[in-house]
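Below is one structure, written out as structure tokens; comments come after it.
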Amino acid sequence: MYRHALSLSHMLFMMFIVGLQSLPMQVEACLGVFITHDLPHTTQIRGVPRSYESNGSGVAINDLNQDGLLDVVMGNLYGPSTILWNQGNLVFKAQPFAPTGQTRAFALVDVDGDGWNDIVHTTQLAAPRWWRNQHDMTFAPATLRGIRNPAYTMAWLDADGDGDLDAITASYDSELERTLRDSFMLGGGAGVIYYEHQEERFIPIRLAEQSQALAVMIVDVNADSQLELIVGNDFGFPDQAWSLDANTWVETTPFVNTAYNTMSFDYGDLDNNGTLEFFAADMQPYPGSELADLMQERVIAPLELKPRRPGDRQHIRNVLLQRNYSNDWVDQAGTYGVSATGWSWSSKFGDLDNDGYLDLYVVNGMMSIELFADLPDYALVEANQAFRNNGGSMFEPATEWNLGSLRSGRGMSMADLDNDGDLDIVVNNLSEPAQLFENSLCGGSSLQVDLRAPDTGNPFGLGATLLLETSTGTYWRDVRSGSGYISGDPSRIHFGFPSHSIVHRLEVRWPDGAISSIDQFGSERILTVYHP
């Protein structure tokens, strides 16, 4: 039995509201590699690949029908998106969805607070669209009242602490200007907008008139209980940041060094010391890649840094920011061995080998007749990159994991799709079938956590942080709507740790400040904790 470490009177009450759930666990295969499976979905384009269309579409993972299995939704640019209903044992039932196409970012979140995850996606040229869960494996189009501006990427959270989900969107202005021309500018533009959820409407507050956003990150950067919003911009347009102070977003500059073309964001505690590290992916070719060879042969021009202004601290390479002994943020991408991973898109942390340390996976590739007119199919072919975290001090290439797919990956997310305790990976490729990488690595153990806050507007605890204390380390996670590049994350949280670990305590800090503490554990590997 699990229990909360509370007073006796509170304990008697909590017996009725602390959920204990033991979902069926599959027998884990131990082959030491990831097994590749094609999925029944292909992100299609019109004709030859061109700029902006070549950016592809996203993917999101979460439980849509409350059966304890995580489902997958994949976007498309020309043709329907796809819902992959999880039947168990890595068997999926494909259902066409949203036949309009032109989808970008996806998030599977409960917009209306009815306890069922909905589908929200951005489009190439318009405002985000909401598909309300009908509780019967169907979705009905609904209106996000007040959300009207075009958006490329987005995030969902309870920013004002009132119990419902607010939204943040950011636009990719270069695509909008090229495609919509005068109608985009005359229509008031877009930029970065915070939408405060008030009853049945979203009240817009524009934070920036312009953006070239491919990624959005919302996190407490300085561990001071204040959230920061960081927007990752392409084309050398500086990344933008705001801090939430007394329900007001105030412009700030948390990081000195940033990527020049920020393609993807993620963060996590890489060395388990209680302080977060931040990763931004750019387009620097890895040694031996096709792009590196083309640059060496001068088939294409080198990707050189062209500062926009004196003192510009942007770099055309990946950036991994870590606190030093002076409490300053320092770029350690070179030290960790991840400064160059290719023409990178979605890049995410996850404990893939269940050893207690967050690993890194990066998907790569590019297709464009404008950039690669002389290459077959106008495609730059690069392998996806997997890195094992070696004790928190550096990453090592994990080529033996069999994750170096040569398909042109864009959206990517991680989740335990077969309930065997380890993270699988789903990649939405461009112009080729999507892929599921089944985790069959050996060793380690895990605990997964679902949060529930019924009768609130945030039933799945988006924004909560979790600390798991074990005999081998303390591990930090949070519940977020998405990360990487235009990809949605599951609300189920995964903790990996060595198999000999003794789990001492799980602490959940809910978005409203409530704290749940569990210090007795049984054999269950998937735990549901209800809000106190």
Side-chain angles (χ1 to χ4, degrees), residues 28 33-36 58-62 70 72 215 217 219 264-272 276-281 318 320 336 338 341 344-364 384-392 394-398 400-405 409 411-428 435-450 465-466 468 473 475-485 487-498 525-526:
E28 182 178 355
V33 297
F34 281 78
I35 303 170
T36 303
V59 60
I61 302 175
N62 220 338
L70 299 178
V72 180
M217 178 169 60
V219 61
S264 176
F265 270 146
D266 203 2
Y267 56 88
D269 186 357
L270 300 183
D271 50 8
N272 297 331
L276 299 182
E277 282 77 34
F278 299 87
F279 182 75
N318 299 341
L320 178 62
Y336 270 80
V338 291
T341 54
S344 302
W345 298 91
S346 199
S347 311
K348 296 198 181 191
F349 295 128
D351 188 356
L352 297 175
D353 55 358
N354 280 347
D355 69 345
Y357 289 96
L358 293 173
D359 308 299
L360 175 65
Y361 189 53
V362 182
V363 299
N364 285 329
N384 295 346
Q385 303 290 298
F387 297 90
R388 179 196 298 106
N389 188 333
N390 185 4
M394 64 176 296
F395 287 107
E396 295 179 343
E400 72 277 10
W401 285 355
N402 196 34
L403 286 170
S405 172
M412 178 270 291
S413 198
M414 303 176 180
D416 181 6
L417 294 174
D418 51 1
N419 282 357
D420 67 351
D422 52 30
L423 292 174
D424 309 296
I425 303 173
V426 176
V427 180
N428 192 359
Q435 292 169 299
L436 163 64
F437 299 104
E438 176 189 354
N439 192 334
S440 62
L441 300 183
C442 307
S445 189
S446 66
L447 176 68
Q448 299 185 73
V449 183
D450 284 318
T465 59
L466 298 85
L468 184 68
Y475 312 116
W476 181 97
R477 303 287 188 270
D478 69 338
V479 187
R480 61 185 85 164
S481 64
S483 61
Y485 169 69
S487 298
D489 293 324
S491 53
R492 177 176 296 168
I493 297 302
H494 171 271
F495 290 98
F497 41 79
R525 293 172 66 184
I526 300 180

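All values derive from a computational prediction rather than experimental measurement.
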**Smallest separation among heavy atoms of S344 and A281, with atom names** = CB-CB, 3.9 Å
**Item:** Partner of F349 under side-chain contact (heavy atoms from CB on, under 4.5 Å), chosen from D359, L360, D269
**Value:** L360
**Message:** Restricting to non-hydrogen atoms, name the atom on A280 and the atom on F265 that form the minimum distance, rounded to 0.1 Å.
**Reply:** CB-CE2, 3.7 Å
**Request:** Show the numbers, then the answer: is there a side chain to side chain contact (heavy atoms under 4.5 Å, CB included) between L436 and V72?
**Result:** CA-CA 10 Å; L436 163 64; V72 180; over 6 Å; no
**Prompt:** Quick check: does any side chain N or O of Y361 sit under 3.5 Å from a backbone N or O of L403, one acting as donor and the other as acceptor?
**Reply:** yes
**Message:** Check the orientation of Y485 and W345. Use parallel for under 30°, tilted for 30 to 60°, and perpendicular for over 60°.
**Reply:** tilted
**For S413, all residues meeting side chain to side chain donor-acceptor pair (under 3.5 Å), sequence neighbours excluded** = K348, D489
**Request:** Give a yes or no on whether the backbone of V33 and the side-chain of S440 come within a donor-acceptor separation of less than 3.5 Å.
**Result:** yes
**Request:** Using modelled atom types only, decide if a donor and an acceptor are shared between the side chain of N272 and the backbone of G392 within a distance under 3.5 Å.
**Result:** no
**Message:** Are D416 and D424 packed together at the side-chain level, in the sense that at least one heavy-atom pair is separated by less than 4.5 angstrom?
**Reply:** yes
**Item:** Distance, nearest 0.5 Å, that separates CD1 of I61 from CE of M412
**Value:** 10.0 Å
**Request:** Start with the C-alpha distance between D355 and N389, add both sets of side-chain angles, then the distance that settles side chain to side chain contact (heavy atoms under 4.5 Å, CB included), and finish with yes or no.
**Result:** CA-CA 9 Å; D355 69 345; N389 188 333; 5.7 Å; no
**Asked** Taking the side chain from D266 and the backbone from F279, do they hold a donor-acceptor pair closer than 3.5 Å?
**Response** no
**Message:** Can you give me the closest heavy-atom contact between G484 and S346, atom names plus distance?
**Reply:** CA-OG, 3.8 Å
**Prompt:** Would you say the side-chain atoms of Q385 pair up with the backbone N or O of T341, donor to acceptor, closer than 3.5 Å?
**Reply:** no
**Asked** So do the side chains of V338 and L320 get within less than 4.5 Å of each other, counting heavy atoms only?
**Response** yes
**Message:** I need the N428 CG to S487 OG distance, nearest 0.5 Å.
**Reply:** 8.0 Å
**Prompt:** Can you name the nearest heavy-atom pair linking L70 to P490, along with the distance?
**Reply:** CD1-CB, 4.2 Å
**Request:** Spell out, as yes or no, whether a donor-acceptor pair under 3.5 Å connects the side chain of N384 to the backbone of N364.
**Result:** yes
**Message:** Quick one, V449 and L468 - any side-chain contact, counting heavy atoms below 4.5 Å?
**Reply:** no
**Message:** Within this structure, what is the CD1-CD1 distance for the pair I493 and I526, rounded to the nearest 0.5 Å?
**Reply:** 12.5 Å
**Asked** Step by step, would you call D450 with R492 a salt bridge (Lys or Arg N to Asp or Glu O under 4.0 Å)?
**Response** CA-CA 5 Å; D450 284 318; R492 177 176 296 168; 3.1 Å; yes
**Item:** R480 side chain vs M217 backbone, donor-acceptor pair below 3.5 Å
**Value:** no
**Message:** Is any side-chain heavy atom of D351 closer than 4.5 Å to one of R477?
**Reply:** yes
**Asked** Is there a side-chain contact between N318 and V362, using heavy atoms and a 4.5 Å cut-off?
**Response** no
**Prompt:** How are the rings of F34 and W401 set relative to one another: parallel (under 30°), tilted (30 to 60°) or perpendicular (over 60°)?
**Reply:** tilted
**Message:** Measuring only between side-chain heavy atoms, which start at C-beta, is V59 closer than 4.5 Å to V427?
**Reply:** no
**Message:** With heavy-atom distances below 4.5 Å as the criterion, would you say the side chains of H494 and N354 are in contact?
**Reply:** yes
